[in-house]
> 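Please read through the structure below; I'll follow up with questions.
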Amino acid sequence: MKVSADGLSQRVAQEWFVNARRWYVEEHQGCPRCQGRHCVFRALWGSRVEYHCTACDFSAAHDEATGIFAANDGEATPPGVELVVDLTRTPSAPV
Ligand SMILES: [Zn+2]
């Protein structure tokens with residue numbers, strides 16, 4: 001398994017996911033990143049729940065089966081910090 005789900009990125013991703021879920025519910029599909037409303041869609045992929053903002057391309061996901069969190073702020077990530085901890089089943093994961 002070559003995916004490195006280190007503690008830091010998982011913690012960051014989890015925070016984004018919790019924020020995304022709260023904004024989705026409390027702010028009418030709001031986005032915790034760009035703070036827009038009616039721009040976030042929730043998707044279910046089996047056991048995986050994903051929130052995606054169409055305005056700023058932010059996304060956050062959680063797989064209940066594996067417990068893995070993933071987040072993507074839609075723009076440049078800090079060097080050395082891989083926010084996208086994706087699963088191997090992703091069809092076209094950017095490298
Ligand atoms: Zn947004």
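Counting starts at 1 for both ligands and their atoms, in listed order.
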> Would you please indicate yes or no on a ring centroid separation below 6.0 angstrom for Trp16 and Phe58?
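Between Phe58 and Trp16, the centre distance is under 6.0 Å.
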
> Look only at the side chain of Arg33 and the backbone of Asp73, and say whether a donor-acceptor pair between them is shorter than 3.5 Å.
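Side chain of Arg33 to backbone of Asp73, a donor-acceptor pair under 3.5 Å: yes, one is there.
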
> Name all residues meeting the ring pair (Phe, Tyr, Trp, His ring centres under 6.0 Å) criterion together with Tyr24; count only those two or more places apart in sequence or in a different chain, and write none if there are none.
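Listed in chain order: Tyr51.
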
> Taking only residues two or more places apart in sequence or in another chain, which ones pass side chain to side chain contact (heavy atoms under 4.5 Å, CB included) with Val25?
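In terms of side chain to side chain contact (heavy atoms under 4.5 Å, CB included), with neighbours along the sequence ignored, Val25 is linked to no residue.
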
> Determine how many protein N/O/S atoms sit closer than 2.8 Å to the Zn ion (ligand 1), leaving waters out since they are not shown.
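My tally for this metal is 4.
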
> Tell me, please, which residues at least two apart from Glu27 pass side chain to side chain contact (heavy atoms under 4.5 Å, CB included).
Trp23, Arg37

> So Glu15 and Arg11, side chain to side chain contact (heavy atoms under 4.5 Å, CB included) or not? Walk me through it.
CA-CA 6 Å; Glu15 288 175 0; Arg11 195 166 63 89; 3.5 Å; yes

